[in-house]
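Reading through the C-alpha cells given below for one structure.
Hydrogens, waters and symmetry mates play no part in the numbers below; they use all other heavy atoms, side chains included. Below, chain A is the first sequence line, B the second, and so on; all start at residue 1.
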Amino acid sequence: MRTTRKRALALTAGIAGIALVATGCSSGSDDEGGDDAGSGDSDEKITLTISTFNEWGYEPLLEQYMDENPSITIEHNKFGTSNEARDQFNTSLAAGSGLADVVGIEIDWMTEVMQYSDQFTDLASDSVEGRWQDWKVGQATTPDGKLVGYGTDIGPEGIAYRSDLFAAAGLPTDRAEVAELFGGEDATWDDFFAVGEQFAAASEVPFYDSGAAVYQGMVNQLEAAYETPGTDEVIATENADVKDIYDTIMAHTELSAGLQQWGEDWNNSFQTDGFAVMLAPSWMLGVIEGQAEGVEGWDIADVFPGGGGNWGGSFLTVPAQSKYPEEAKALADWLTAPEQQLVAFQTSGNFPSQVEAQESEEIKAITNEFFNDAPIGEIFATRAAAVTVAPYKGANYFPINDAMAQAINRVEVDGTDDATSSWDKWVAEVEAIG
Amino acid sequence: MSTTPSIPVIAQTAGRGAARSAARRRHQASGAGSDRKPGRLTYVLMSVVLLASAYPLYFALQLASSTSADIAQNPIPPLLPGSHLFENIGRVLAADIDLWQAMFNSLLVSGATALSVVMFATLAGYSFAKLRFRGRGPLLVFVIGTMAVPTQLGVVPLFIVMRELNLVGSLWAVILPGMVTAFGVFWMTQYLEGALPYELIEAARVDGASMIRTFWHVALPAARPAAAMLGLFTFIASWTNFFWPSIVLGTTNPTLPVALQLLQAGFFKDMALIMAGVIVSVIPLIALFAVAGRHLVAGIMQGAVKG
Amino acid sequence: MATQTAPTRARPASDPSRSPRRVGFSQRLGKWDVKLSPYLYISPFFIIFAITGLFPLIYTGWVSLHDWDLLGGQGDFVGFENFTQVLGQAYFWKALRNTISIFLWSSVPQVIAAIVIAAMLDANLRAKTFWRMGVLLPYVVAPVAVALVFSKMFADDSGLINTVLENIGLSPVGWHSEAMPAHVAIATMVNFRWTGYNTLIFLAAMQAIPRDLYEAAVIDGASRWRQFISITIPMLRPTIIFVVLTSTIGGLQIYDEPRMYDQMGQGGNDRQWLTVTLYLYELGWRNTNLGRAAAVAWLLFMIIVVFAVANYLITRRIASDSAPKQRRVAGRNPR
C-alpha cells in the first residue's frame with residue numbers, strides 16, 4: 001500500500017511540473033480566444049477579436065469603440081497580406097476554431113468563402129439597408145438572400161506618378177495635365193503605353209513597376225475573366241480577353257522595371273528611383289507612402305485607362321464560431337458605417353464603399369500631404385464613379401489570378417520563360433486547379 | 001512528432017559515440033591531445049570561419065540599427081551599427097504582431113517540451129538501462145529504429161487529430177507531439193548504463209525503497225548532468241522549430257519563428273523592423289548560449305559522459 | 001554503440017529484479033512493483049510516440065487513398081488516384097529536383113568543410129573553447145531568422161552579395177530568379193547553421209583517433225596531407241556515415257529556409273526553390289487538398305528511405321576506399 005502511494009505521489013510530482021507550465025499556456029491561449037466569461041449579459045466584460053490584413057486604418061476606430069463601450073475589449077489581429085489572411089482563414093475554418101469574431105475578407109477570395117456561407121452569421125439588418133451600391137452587396141449575398149459580409153472599402157484606381165521624374169523626361173507634372181496626358185476621361189490602355197514610350201525615350205528610369213500589377217488593372221475591367229458566372233466553370237484559358245491582356249503586357253516588358261510586386265527588390269526600388277508610374281488603388285497610397293518615406297515627388301492623377309478600374313476591397317464577416325455573434329455584428333456594423341469608413345480613409349487611404357460616404361462633403365475635403373496635397377477624396381470619388389464593371393470572381397479566382405501574376409513574373413522578373421512557355425505553364429496550372 | 005530535432009538529435013549520437021571512444025581511448029593514446037603546433041595560417045583560417053559564422057548576425061544588427069530608407073539606399077551597410085537600434089526594437093515590440101506574446105509562448109512551449117522530454121526519457125532510460133523485463137531488447141531496438149523516422153511527414157493526420165481534439169491554435173498542439181523523443185530515451189539509456197552503478201540501486205532496494213522511490217532518489221540524481229544536456233538541446237530544437245507550429249498555431253497565438261514569418265509577410269515591408277524582430281528573437285538564445293555554450297560544445301563532443 | 005558500455009554492466013550479480021527476492025522482500029505488492037514498474041516507466045514514451053508519431057505516419061497512408069478536403073473532411077475512397085495525380089504534376093518533379101539539389105549543395109560542402117575545420121580545431125589551438133563556441137554560434141539561431149537575414153543578403157537587385165560582386169567587377173547572380181543559384185543560397189543557410197555543429201562531431205571523432213597512428217606515419221615519412229587522407233578520413237568513417245545519414249533525413253524534408261526565401265512562400269514564380277515539403281504544405285493548406293498532401297508525404301517518406309540506404313552504401317564505399325593502414329587501425333579499434 002505504502003509503495004503504491006509513494007509511487008503515485010512521485011509520479012504526480014513529476015507531472016505537476018509539466019502541468020504547472022501547461023496551465024500557463026492554456027490561460028495564455030484563452031486570453032486570445034477571448035472567452036474569459038460565459039456568454040453575454042450586456043454588462044459583462046467581453047473580448048472581441050477582429051482580424052484584418054495589410055492596412056485598414058482601424059486603430060483609432062477600435063480605440064474609440066472601446067471607449068464608447070467599456071464592457072468590450074477588442075483585440076486586433078493584423079495579417080501582412082491578403083494571401084496570409086486567406087491561408088489562415090482556411091486553416092481556422094477547417095479547425096472549427098481560431099477565427100476572430102469579426103473577420104476581414106478580400107473580394108478576391110470572397111466567393112471562395114461564400115461556399116461556406118453556413119459557417120457565417122447572417123448580417124442582414126435594417127440598419128445597413130442601402131448602405132452600399134448593389135454590386136457590392138451582391139458580392140456578399142447568397143442566392144437565398146443571406147448577407148455574409150459588410151462592405152468596408154473598395155479600390156478605385158488612379159495613376160500615381162513621380163512628378164520629378166516626369167519633369168526630367170520633359171513630361172508635364174501638374175496632376176490635371178498628367179491626367180490629360182494619359183487621355184483624360186477617354187483614356188485607353190494604348191494611351192497609357194504610348195505615354196510610357198514617350199517617357200522611356202527621354203529617361204533611363206523604367207516607366208512602371210511591374211507588369212503583373214498593370215495586368216491586375218486590366219483584368220479587373222473584364223466582366224468574367226476566369227469563370228462563368230453562376231456555374232463557375234473555368235474558362236480562363238479559353239478567354240480571348242485574358243490572352244489579349246497577357247499579350248499586351250508581354251509586348252511592353254521594356255517599359256517595366258521588372259520588379260515583383262511586394263518583393264524585396266520592389267520595396268527597395270521606392271527609395272532608389274526604380275520606376276515612375278504605378279497604377280494605384282486607393283489603399284495603395286499607404287503602401288507607397290510607407291515604402292517611399294522621405295522621397296519627394298509622388299503625386300496622383302485623376303485618370304485611369306479603359307474606363308474606371310477597381311482593385312481589391314473587402315468585407316467584414318462574423319463566423320458562426322464566434323461566441324458573441326451579436327456583439328461582433330454590432331462592431332462590424334459600426335465599423336462599416338459611413339462615418340467610420342471616412343476616418344479609415346483618412347488614416348490609410350482605404351476608400352469607403354458606402355454610398356453616403358462617397359457622396360459626402362467631408363470626403364471631398366480630404367487631401368494627402370505626401371502626394372503633393374492631392375485632393376485624394378475627390379479624386380477617388382470620381383474614380384469610383386467611373387467604375388462600370390463589377391467583375392465576377394468565382395471560387396477559383398484567387399488561385400488562377402495568383403498563378404497569372406507568377407506567369408508574368410516568370411518572364412518579366414525571373415526571365416526563366418518567354419511569353420509563350422510561361423503562358424503554357426499557366427494553362428497547365430489552371431487545368432490542375434480546375 | 002519530433003520535427004526538426006532530427007538532425008541535432010541524432011547527430012548527437014555520433015558525437016557521443018565518438019566521444020565515448022575518445023574518452024576510452026584517451027587512456028590508450030600515448031599523450032592526450034595533438035602534439036602538432038598550429039601554424040599562423042590555422043589561426044587566420046579559423047578567424048575567417050568565425051567571421052562567417054558571426055557576420056550574418058552582425059548584418060542583422062547593422063540593418064536593425066538603421067532605417068529602412070538607409071537600407072534601401074545602401075545595399076552594403078555601414079561597418080558600424082547605426083543609432084536606431086532601440087527605436088526599431090521598440091517599434092517591433094509595439095507592432096501588430098505581438099512579439100512579447102510570441103516570446104512568452106516560445107518559452108512555455110520550449111520549457112514544457114524540454115521538461116517533459118527529460119522526465120519521460122529519464123524514466124524510460126532508467127528502465128532500459130537498469131531494469132530487467134521481458135521484451136527489453138526488442139523494445140530498445142524499436143526506440144533506436146524510430147530515431148531515424150521522419151515523423152514530420154505525419155503532419156496531415158496530426159492536423160486532423162488536433163482538429164478532432166479541438167487543439168488547433170492551442171499551444172498544446174505543439175507541446176503534445178514534442179513530449180517524447182526517441183533520441184532522448186536512447187541518450188538517457190546510454191548514459192545511465194555507464195553512470196549508475198547497480199550497487200546503488202541494490203542498496204536502495206535493500207533498504208526497502210519501492211521502485212519509484214529508487215528511481216527518484218538514486219537514478220534521478222545520477223542522471224542529472226545528462227538530463228540537463230538533453231533539456232538544453234530539446235529546448236533549442238523546440239525554440240527554433242517552425243514547420244508544425246506554423247501549420248497548427250496560426251497567427252493568433254504564434255511562437256517566435258511563426259511571428260517572424262508574419263513580420264516578413266507584410267505588403268509594406270519595413271526591413272529595419274524585420275531585422276529588429278530577428279534581433280529580438282535571437283537575444284534569448286544568444287544569452288543562453290553565452291551561459292551554456294561551453295556545455296553545448298561539451299554535449300555535442302562528449303555526450304555528457306563526464307558530467 | 002549500444003554495446004560499448006557492456007563491460008561496466010556486470011548484470012548477473014546485481015540484477016535488481018532479483019535482489020528484492022534475495023533479501024526477502026516478497027510481498028505481493030513488491031513483486032508487482034518490480035514486475036510492472038519497468039513497463040510503467042517506458043510506457044509514456046511508447047504511448048505518446050504511438051499517438052503523435054507512429055499513428056499519424058501510418059494514417060497518412062489512409063488519408064492518401066481518399067478525397068480529403070481540409071474544410072470538407074473525408075470524402076470518397078479513390079485508391080491511388082492522389083498518387084497518380086501528384087506524379088503527373090510538373091511541380092512535384094520540380095520540387096523533387098530542387099530538394100535533391102539543395103540537399104546536395106548543403107550536405108556535400110558541409111561535410112567537407114566540417115571535416116576541414118575540425119582538423120584545424122584538432123591542432124593545438126590556444127583558447128580552444130573560444131573557437132569551438134564560435135563555430136557553434138549559428139546553431140542557436142532559428143532557421144526562420146537565418147532565412148530572413150540571408151534572403152536579404154541574397155536579394156537580386158538590392159542585396160549585399162550581388163552589390164559586392166558588382167563592385168569587384170563580376171556580374172550579379174540571379175539568386176532568386178534562377179534555380180541553381182537559389183538552391184545554393186538556400187543551401188548556404190543550411191550550411192551556416194549546421195557546419196559548426198558537425199564540425200564538433202568530427203572533432204570529437206578525430207580526437208578519438210589514437211595518436212600513435214600518426215606517430216607511426218611520421219616515422220614512415222608520411223606528409224600531413226598523407227596522414228589526413230590515410231588515417232584521419234578512414235578513421236572518421238562511422239562518423240561520416242552518421243552525419244550524412246542524418247543530414248539526408250533532415251535535408252530532404254527541408255521547409256523553413258525555402259518557405260522564408262521570399263515573402264510569398266511559394267517557392268518562386270517558376271517554383272525555382274519549391275521543395276517537396278513546401279509542396280506538401282501548398283497542396284494541403286493552400287489548395288485545401290489533404291488527400292494529395294498525404295500522398296506527397298508518403299512519396300517523400302519512400303524517397304527518404306531510398307536515399308538513406310543509397311547514402312549509406314555510397315558513404316561506406318567512399319570512406320572505406322583507401323589506406324592499407326586502415327585495416328591495421330580497425331584492428332585496434334573495437335568499433
* Just by distance, do the side chain of A:D87 and the backbone of C:R286 share a donor-acceptor pair under 3.5 Å? -> no

* Asked: In terms of heavy-atom proximity below 4.5 Å to chain C, should A:F398 be classed as side chain, backbone, both, or neither?
  -> neither

* Looking at A:P399, A:G263, A:G96, which one has more heavy-atom pairs under 4.5 Å with chain C than the rest? -> A:G263

* Relative to chain A, which segment of C:Y281 carries a heavy atom at a distance below 4.5 Å: side chain, backbone, both, or neither? -> side chain

* **Sidechain-backbone polar pair: A:E264 side chain, C:S158 backbone, donor-acceptor under 3.5 Å** => no

* First locate atom OG1 of A:T91, then atom CG of C:L70, and finally report the distance between them rounded to the nearest 0.5 Å. => 6.0 Å

* Asked: Is there side-chain contact between A:L259 and C:D157, with heavy atoms separated by less than 4.5 Å?
  -> yes

* Compare all side-chain heavy atoms of A:Q406 with those of C:M264 and state whether any distance is below 4.5 angstrom. => no

* To do: Report, as yes or no, whether the 6.0 Å neighbourhood of atom CD on A:E293 holds more than 12 heavy atoms from other residues, nucleotides or ligands.
  => no

* Structure fact -> CZ of A:F89 to CG of C:L71, rounded to nearest 0.5 Å, is 8.0 Å

* Asked: Side chain, backbone, both or neither: which part of A:E112 has an atom under 4.5 Å from a heavy atom of chain C?
  -> neither

* Asked: So, C:D270 side chain and A:T416 main chain: donor-acceptor pair closer than 3.5 Å or not?
  -> no

* To do: Could you look at C:Q272 and say if it's the side chain, the backbone, both or neither that has a heavy atom under 4.5 Å from chain A?
  => side chain

* C:K35, NZ atom: more than 12 neighbouring heavy atoms under 6.0 Å -> no

* To do: May I ask you to test the C:K152-A:N268 pair for a side-chain heavy-atom distance under 4.5 Å?
  => yes

* **Flag if over 12 foreign heavy atoms under 6.0 Å of CH2, A:W423** => yes

* Side chains of C:Q266 and A:N83: do they bring a donor and an acceptor to under 3.5 Å? -> no

* To do: Rounded to the nearest 0.5 Å, what's the gap from CG on C:D156 to CD on A:Q260? Could you check?
  => 10.0 Å

